[in-house]
Amino acid sequence: MRIGVLASQGAFAEHIAILHRLKVDTVPVRLPHQLATLDGLIIPGGESTSISKLILDYNLTTEISNLANNGLPILGTCAGMILLAKEIPESDVEPLGLMDITVRRNAFGRQKESFETDLSIPVLGEKPFPAIFIRAPLIERVNDGVEILARLADDTIVAAKQGKLLATAFHPELTNDLRFHRYFLDMVGGDNK
Ligand code: GLN
């Protein structure tokens, strides 16, 4: 199995480190030819405005969309989730528009700009997941065909899945809990529907 991690900007090194711990062959992706022969792709957190510009400048945008439409599994975390969304109100980010969700950027007020919380994610089992949010977006709306994987106590949607696309508002790569990455790899391997 070979997993690409989009390495244009942001927290790509942390995802690569987790994949190494899980003994997965990993490719940092900066150029279109590096997308060939991947079984899955991770789009990390960072600054979605910068990432969206860089992938356009480096001719990655169309290729990533084509591959996703042909079934390439993608995990988008934080800024990565913003890029996966179809709609981002009041924002000039040009998303890939692959998931039928509406995402609001920087959705948590000042005091909660960054926080950690024990999140219940039923698909990962009973033990709560230590979810780290950093100037995080939230999922405002999901359309048909999108499965909600996690909500905060106030019902805010913070993780979702549509077909082979997975999105989290938080940063699973910043914890020692490898379950979310394992869940993605199971999806890549065909173990999750
Ligand atoms: N606030 C960032 C954005 O809108 C996302 C933050 C993150 O990825 N940690 O792009």
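For ligands, and for the atoms within them, numbers begin at 1 and follow the listed sequence. The basis for the numbers below is simple: all heavy atoms, side chains too, and nothing from hydrogens, waters or symmetry mates. Source: prediction; values computed, not measured. If you read the sequence from its start, that first residue is 1, and numbering goes on from there.
S8 and R30 share no side-chain donor-acceptor pair at under 3.5 Å. Side-chain contact check for T26 and H15: no donor-acceptor pair (N or O, by modelled atom type) lies under 3.5 Å. Side-chain N/O atoms of D177 and T175 include no donor and acceptor closer than 3.5 Å.
For ligand 1, one of its N or O atoms has an N or O atom of I134 under 3.5 Å away. Considering backbone and side-chain N/O atoms, H171 comes within less than 3.5 Å of an N/O atom of ligand 1. Every N/O-N/O distance between T49 and ligand 1 stays at or above 3.5 Å.
Between R105 and E90, no side-chain nitrogen of the basic residue sits less than 4.0 Å from a carboxylate oxygen of the acidic one, so the salt-bridge criterion is not met. Under the 4.0 Å criterion applied to side-chain N and carboxylate O atoms, R135 and E47 are assigned as salt-bridge partners. Under the 4.0 Å criterion applied to side-chain N and carboxylate O atoms, R141 and E87 are assigned as salt-bridge partners.
Each of the following atoms of ligand 1 lies closer than 4.0 Å to a heavy atom of S48: 3 (C), 4 (O), 10 (O). Applying the 4.0 Å criterion to heavy atoms of R135 picks out, from ligand 1, the atoms 1 (N), 2 (C), 5 (C), 6 (C). For ligand 1, the atoms lying closer than 4.0 Å to a non-hydrogen atom of G45 are 8 (O). Atoms of ligand 1 lying under 4.0 Å from any heavy atom of A79, numbered from 1 in the order shown and given with element: 8 (O), 10 (O).
For atom 2 (C) of ligand 1, the closest non-hydrogen atom on the protein side is G46 O, 3.5 Å. When only non-hydrogen protein atoms are considered, atom 4 (O) of ligand 1 lies nearest to R105 NE, 2.7 Å. C78 SG, 2.8 Å is the protein heavy atom nearest to atom 7 (C) of ligand 1. Scanning the protein for heavy atoms near atom 1 (N) of ligand 1, the closest one is N106 OD1, 2.6 Å.
Contacts between I82 and ligand 1, counted as non-hydrogen atom pairs separated by less than 4.0 Å, involve the side chain only.
Ring-plane geometry between F180 and F129 is classed as perpendicular, the angle between the planes exceeding 60 degrees on a 0 to 90 degree scale with a lower cut at 30.
Other residues, nucleotides and ligands place no more than 12 heavy atoms under 6.0 Å from the CG atom of N176.
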